[in-house]
Amino acid sequence: MSSPDPQVRAARNKSTSRPPRGPVVAVTGAASGVGALLTERLAASEEVKQVVAIDERRGECAEAEWHILDVRDPAIADRLRGADVVVHLALDLDLETDAAARTAYNVRGTQTVLTAAAAAGVHRVVLCTSTMVYGALPDNELPLSEDAELRATAEATGVGDLLEIERLARRAPRAHPGLNVTVVRPAVLVGGTDTALTRYFESPRLLVVAGSRPAWQFCHVDDLCSALEYAVLEKVDGELAVGCDGWLEQEEVEELSGIRRMELPSAVALGAAARLHRIGLTPSPAGDLAYTMHPWVVSGSRLHDAGWRPAYTNEEVLAQLLDEVSGRHTVAGRRLGRKDATAAGAAGATVALLGAAAVVRRARKARRRI
């Protein structure tokens, strides 16, 4: 019996072949922000078999399998059965959220997801924190290696939560043998985000603390999503820093932004920030200032060694950030309406901390009227 024609044999081989089985990936916080972008990206990937989307409301990705629940609900374990990888992005980092409530949600949510993933037989969990966990310190190397000690404190917005999540990540593989945990740490995240660091660029002047050495490294949300996809597909693991290559000095930021600086002595800046936060006039504690004073740039070598490259430069991301915040007015981290901003400007509030004086005066007048 003669063998089939080579073209027929090739056609038969093609018809019986199957694409490689990709992972089933569950994404928490899938309805908005980075979670929504990652869900769409993974759902479109030929290397992912299925996406399970988990959030307290349904998102827009029709290709995902949706489950509506709070990540703190132990019932999430049932929704994770059959998943190979979980990407936990259900975090509350809103500046206006009560700090105690924010911590309760972030820490309890992460604990529940890690425990549920282990119970459901998931073999990998990907967590997302921030390069802020390295701490902004005057003696930091430029850049820091990913293995550098995490020297941040809980004094900046949300950083205490992120440090606790890092601790849970280190402990989880010991508590749940067989569960691997990858932590992705983005630099200053830009792309529809609202943080104390993005609000820095909403001020009429850029606050510079005398004697400080700022260095700015950004991360576009698209680059974060591509790095998370690398982790999902197990192209890289461990603790990963993600951001643009290199960094911008403060003078470069001022030149590119066209926003002039106002320089203040350290004692004045930190003291005013602490007082304004203590009396409830600003959402940002004094600890946030450290991240505009000292370097916390990272190398991102692990992702680079795995073949990943950022699609954006620091200059490009800064330009997008400036476009996003155009028309917004922030004083000492507190976002103002147009009328408030005009009054602050008339009072000589050309820099965040000094500008808060106008807000303080108005608050005092309001209290006297009561």
Side-chain angles (χ1 to χ4, degrees), residues 129-153 155-159 162-163 184-191 193 195-203 205-221 223-224 227 239-266 269-270 273 284 286-304 309-322 325 333 351-353:
T129 60
S130 167
T131 54
M132 293 178 78
V133 297
Y134 290 103
L137 298 159
D139 62 344
N140 276 347
E141 294 183 356
L142 271 172
L144 291 163
S145 73
E146 284 160 308
D147 291 327
E149 181 184 356
L150 305 188
R151 297 198 290 163
T153 66
E155 295 173 354
T157 304
V159 174
L162 300 181
L163 288 170
V184 178
R185 301 166 179 156
V188 179
L189 194 60
V190 174
T193 58
T195 67
L197 293 167
T198 60
R199 287 191 183 189
Y200 176 81
F201 294 92
E202 297 178 16
S203 299
R205 294 279 185 92
L206 297 179
L207 172 65
V208 177
V209 176
S212 65
R213 182 176 61 122
W216 291 91
Q217 181 183 37
F218 300 97
C219 178
H220 194 280
V221 290
D223 283 339
L224 173 57
E239 297 165 342
L240 315 171
V242 54
C244 301
D245 291 335
W247 63 89
L248 298 174
E249 302 286 352
Q250 182 70 22
E251 292 77 12
E252 294 176 283
V253 167
E254 292 167 18
E255 181 179 354
L256 290 167
S257 67
I259 307 174
R260 291 183 295 168
R261 70 163 65 188
M262 177 170 274
E263 196 164 298
L264 293 177
S266 175
L270 294 170
S284 298
D288 287 347
L289 269 183
Y291 291 89
T292 69
M293 295 171 59
H294 309 302
W296 46 293
V297 172
V298 291
S299 68
S301 59
R302 287 201 179 103
L303 277 164
H304 280 63
R309 293 293 183 274
Y312 295 84
T313 65
N314 281 303
E315 291 84 352
E316 290 169 336
V317 180
L318 175 59
Q320 177 169 330
L321 172 57
L322 293 170
V325 304
V351 66
L353 294 175

Drop me the distance from Glu149's CD to Leu144's CG, to the nearest 0.5 angstrom. 11.0 Å
Stepwise side chain to side chain contact (heavy atoms under 4.5 Å, CB included) check, Glu252 with Asn314: CA-CA 11 Å; Glu252 294 176 283; Asn314 281 303; over 6 Å; no
Rounded to the nearest 0.5 angstrom, the CZ-CD distance for Arg205 and Glu254 is 10.5 Å
Measuring from Glu239:CD to Thr129:OG1, what's the distance to the nearest 0.5 Å? 8.5 Å
Could you walk me through whether Leu189 and Thr195 pass the side chain to side chain contact (heavy atoms under 4.5 Å, CB included) test, one step at a time? CA-CA 8 Å; Leu189 194 60; Thr195 67; 6.0 Å; no
Please assess Asp288 against Arg199 for the test salt bridge (charged side-chain N to carboxylate O under 4.0 Å, His left out), listing each intermediate value before the final yes or no. CA-CA 11 Å; Asp288 287 347; Arg199 287 191 183 189; over 6 Å; no
Would the distance check show the side chain of Glu146 and the main-chain N or O of Ala241 forming a donor-acceptor pair, the cut-off being under 3.5 Å? yes
Give a yes or no on whether the backbone of Leu207 and the side-chain of Tyr200 come within a donor-acceptor separation of less than 3.5 Å. yes
Candidate list Leu240, Thr131, Val242, test side-chain contact (heavy atoms from CB on, under 4.5 Å), partner Val298, passing option: Thr131
Side-chain donor or acceptor of Arg213 paired with backbone N/O of Pro138 under 3.5 Å: yes
Answer yes or no: does atom CD of Glu255 have more than 12 heavy-atom neighbours from other residues, nucleotides or ligands under 6.0 Å? no
If you measure from CG on Leu321 to CG on Leu197, what distance do you get to the nearest 0.5 Å? 10.0 Å
So, for Trp296 and His294, which heavy atoms are closest and what is the spacing to 0.1 Å? CD1-O, 3.2 Å
Heavy atoms of Asp223 and Ala311 approach each other most closely as OD1-N, 2.8 Å
Worked check of side chain to side chain contact (heavy atoms under 4.5 Å, CB included) between Ile259 and Leu322: CA-CA 10 Å; Ile259 307 174; Leu322 293 170; 4.2 Å; yes
Residues Gln320 and Glu316: side-chain donor-acceptor under 3.5 angstrom: no
Taking Ser130 for its side chain and Arg185 for its backbone only, find out whether a donor-acceptor pair lies under 3.5 Å. no
Using only atom types and a distance under 3.5 Å, with no angle test, would you say the side chain of Ser203 pairs donor to acceptor with the backbone of Leu206? no
Distance, nearest 0.5 Å, that separates CG of Leu142 from OG of Ser299: 11.5 Å
Does any N or O in the side chain of Asp245 come within less than 3.5 Å of the main-chain N or O of Thr313, such that one atom is a donor and the other an acceptor? no
Nearest non-hydrogen partners of Cys219 and Pro186, listed with the distance: SG-CB, 4.0 Å
Taking all heavy atoms of Ala152 and all of Leu163, pick out the closest pair and write down the distance. O-CD1, 3.6 Å
Value rounded to 0.5 Å, distance of CG in Asp139 from CZ in Arg151: 4.0 Å
Tyr291 versus Val188: any side-chain heavy-atom pair under 4.5 Å? no
Where is the tightest heavy-atom contact between Ala215 and Val297, given as atom of each residue plus distance? CB-CG2, 3.9 Å
Asn140 side chain to Pro295 main-chain N or O, any donor-acceptor pair under 3.5 Å? yes
With a 6.0 Å cut-off (strictly less than), is the heavy-atom count around CD of Glu251, excluding the residue itself, greater than 12? yes
Test your reading of the model: is there a side-chain donor-acceptor pair from His304 to the backbone of Gly300, 3.5 Å cut-off? yes
Looking only at atom types and distance, does a side-chain atom of Ser212 sit under 3.5 Å from a main-chain N or O of Pro214, one as donor and one as acceptor? no
Should Tyr134 and Met132 count as side-chain neighbours, where that means a heavy-atom distance under 4.5 Å? no
Has Gln217 got a side-chain atom pairing as donor or acceptor with Gly243's backbone, closer than 3.5 angstrom? no
Should the ring pair Trp216 and Phe201 be called parallel, tilted or perpendicular, given that the plane angle runs from 0 to 90° and is split at 30 and 60? perpendicular
